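This structure is a prediction, so every number in the text was calculated from the model and none was measured.
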Amino acid sequence: MARSNPSLQVVRAAPKAAKASKPRDNAGPKAEAGTSTQRIVESITSAIVERRLMPGTKLAEQKIADIFKVSRTLVRQALNQLSRDKLVTLEPARGARIAEPSIEEARQVFEVRHMLESAMIRRAASELSDAQLAELRTHLRDEQAAVQRTDVSGRTRLLADFHVLIAQMLGNQVLADALADLVTRSSLIALMYQSSHSAEHSFAEHVAIVDALARRDARAAVKLMDEHLHNVEHNLRLDPRTPDLGDALKPYAP
């Protein structure tokens, strides 16, 4: 979990810029291959978070290689990494596909998020500086703008970034990386099980959380975060009823 997870682009912007500023004189073929592999990993992960790649989508190695102008070997390395991250499923007969999380996995992901984010937000209420709170307010303005212009991919990414950004502000990169993994998997789960969950509602809940942090009210912040995650999970269809065959086919009957 302690590896760097670049799935959340806004939060990861500073580290990427630092990498880009390094001279490439000493970068040999191995380093360039690693960069290409990571670019594929980042692109597929971002497409999942932004809801542009659906669960079960086939990932053809040659097509990906053509898109990124790399060898299939590098594509295979990227898919193996995504498989370790539980975002891609590799099957001998079917090849690579975007993972399709089970209902039980979905429940487990949100259980872990509840545990991690309750502890995180309690710390944040006492440790975040005024400057960091101002940065969160700026992030909220970006969320609001994306929601208002119906930018589905942008608002999805920004709503996810909010959680990881708080973890990074606490200076715990292990927590930030773990949470980034969980948030990305939550996005994949939402693609399969989401119902009518409202982006506007999530944004409003984020605002309330930051307001509680600004008041240094740890109890309220924890309660609001817990309610927020509960609402997100509640709006997923994790208890689908077994359909009746007659009900399912009646509309098509002569």
Side-chain angles (χ1 to χ4, degrees), residues 4-20 38-57 59 64 67-68 78 82 85 87-88 98-99 101 106 109-110 113 117 120-121 132-169 176-177 179-211 213 224-225 228-229 231-236:
S4 176
N5 185 328
S7 60
L8 303 173
Q9 295 176 345
V10 171
V11 178
R12 300 303 187 198
K16 285 184 182 178
K19 289 180 181 178
Q38 195 59 29
R39 186 169 71 252
I40 297 169
V41 170
E42 290 177 15
S43 299
I44 293 175
T45 304
S46 294
I48 291 170
V49 172
E50 297 173 9
R51 302 184 180 182
R52 290 182 283 110
L53 274 179
M54 301 297 290
T57 301
L59 300 172
I64 296 172
I67 292 170
F68 290 94
L82 289 162
D85 293 343
L87 298 181
V88 165
I98 300 297
V109 166
F110 277 95
R113 285 194 63 182
E117 297 196 54
M120 175 187 77
I121 209 68
Q132 288 172 320
L133 289 171
E135 186 179 347
L136 281 176
R137 298 283 189 196
T138 299
H139 185 87
L140 291 177
R141 286 195 291 272
D142 292 339
E143 284 186 20
Q144 184 178 34
V147 167
Q148 289 177 342
R149 66 175 178 264
T150 321
D151 176 3
V152 177
S153 63
R155 78 188 183 198
T156 300
R157 174 171 48 81
L158 288 164
L159 289 168
D161 285 350
F162 175 81
H163 298 263
V164 185
L165 181 58
I166 294 174
Q168 288 191 322
M169 286 178 171
D177 289 342
L179 198 52
D181 288 342
L182 290 167
V183 167
T184 303
R185 291 173 72 179
S186 296
S187 297
L188 187 54
I189 289 163
L191 285 172
M192 289 189 64
Y193 302 112
Q194 66 183 350
S195 55
S196 57
H197 182 60
S198 167
E200 292 88 347
H201 193 198
S202 278
F203 163 69
E205 289 172 342
H206 286 178
V207 171
I209 290 167
V210 174
D211 286 344
L213 293 177
L224 288 165
M225 179 64 83
H228 171 56
L229 292 175
N231 288 338
V232 173
E233 184 177 8
H234 179 73
N235 280 282
L236 303 176

Just say parallel, tilted or perpendicular for the rings of His228 and His163, cut-offs at 30° and 60°. parallel

Are any of the side-chain heavy atoms of Leu136 and Phe162 separated by less than 4.5 Å? yes

Sidechain-backbone polar pair: Glu233 side chain, Phe110 backbone, donor-acceptor under 3.5 Å: no

Measure the spacing between OG of Ser186 and CG of Leu179 and express it to the nearest 0.5 Å. 8.5 Å

Nearest atoms (heavy-atom pairs only) where Leu191 meets Ile48: CD1-O, 3.9 Å

Residue pair Thr138 / Arg141, side-chain heavy-atom distance below 4.5 Å: yes

Pairwise side-chain contact, Leu188 with Leu53, heavy-atom cut-off 4.5 Å (strictly under): no

Rounded to the nearest 0.5 Å, how far does CZ of Arg113 lie from CG of Leu229? 5.0 Å

Is there side-chain contact between Ile166 and Gln132, with heavy atoms separated by less than 4.5 Å? no

Return the minimal non-hydrogen interatomic distance between Phe203 and Gln144, and the atom names on each side. CZ-CB, 3.5 Å

Pairwise side-chain contact, Asp181 with Leu87, heavy-atom cut-off 4.5 Å (strictly under): no

Would you give the length of the straight line joining atom CZ of Arg157 to atom CG of Asp142, rounded to the nearest 0.5 angstrom? 9.0 Å

Quick one: side chain to side chain contact (heavy atoms under 4.5 Å, CB included) partners of Ser187, sequence neighbours excluded? Val49

To the nearest 0.5 angstrom, please state how far the CD atom of Gln148 sits from the CZ atom of Arg155. 12.0 Å

For a side-chain hydrogen bond (donor to acceptor under 3.5 Å, both in side chains) check, start with the C-alpha distance between Glu135 and His139, then their side-chain angles and the critical distance, and finish with the verdict. CA-CA 6 Å; Glu135 186 179 347; His139 185 87; over 6 Å; no

Looking only at heavy atoms, what is the nearest atom pair of Pro55 and Ala99, with distance? CB-O, 3.4 Å

Which value, rounded to the nearest 0.5 Å, describes the distance between Leu159 atom CG and Glu200 atom CD? 9.5 Å

Ala208 to Leu224 - nearest heavy-atom pair and separation: O-CD1, 3.4 Å

Quick one: closest heavy-atom pair of Ile64 and Ile40, and the distance? CG2-CG2, 4.0 Å

Verify side-chain contact (heavy atoms from CB on, under 4.5 Å) between Asp161 and Val183, making sure each step is shown before the conclusion. CA-CA 8 Å; Asp161 285 350; Val183 167; over 6 Å; no

Distance-minimising heavy-atom pair for Val164 and Ala176: CG1-O, 3.6 Å

Kindly indicate whether the side chain of Arg185, heavy atoms from C-beta on, has any atom under 4.5 Å from the side chain of Pro101. no

Heavy-atom side-chain proximity of Arg137 to Asp211 below 4.5 angstrom: yes

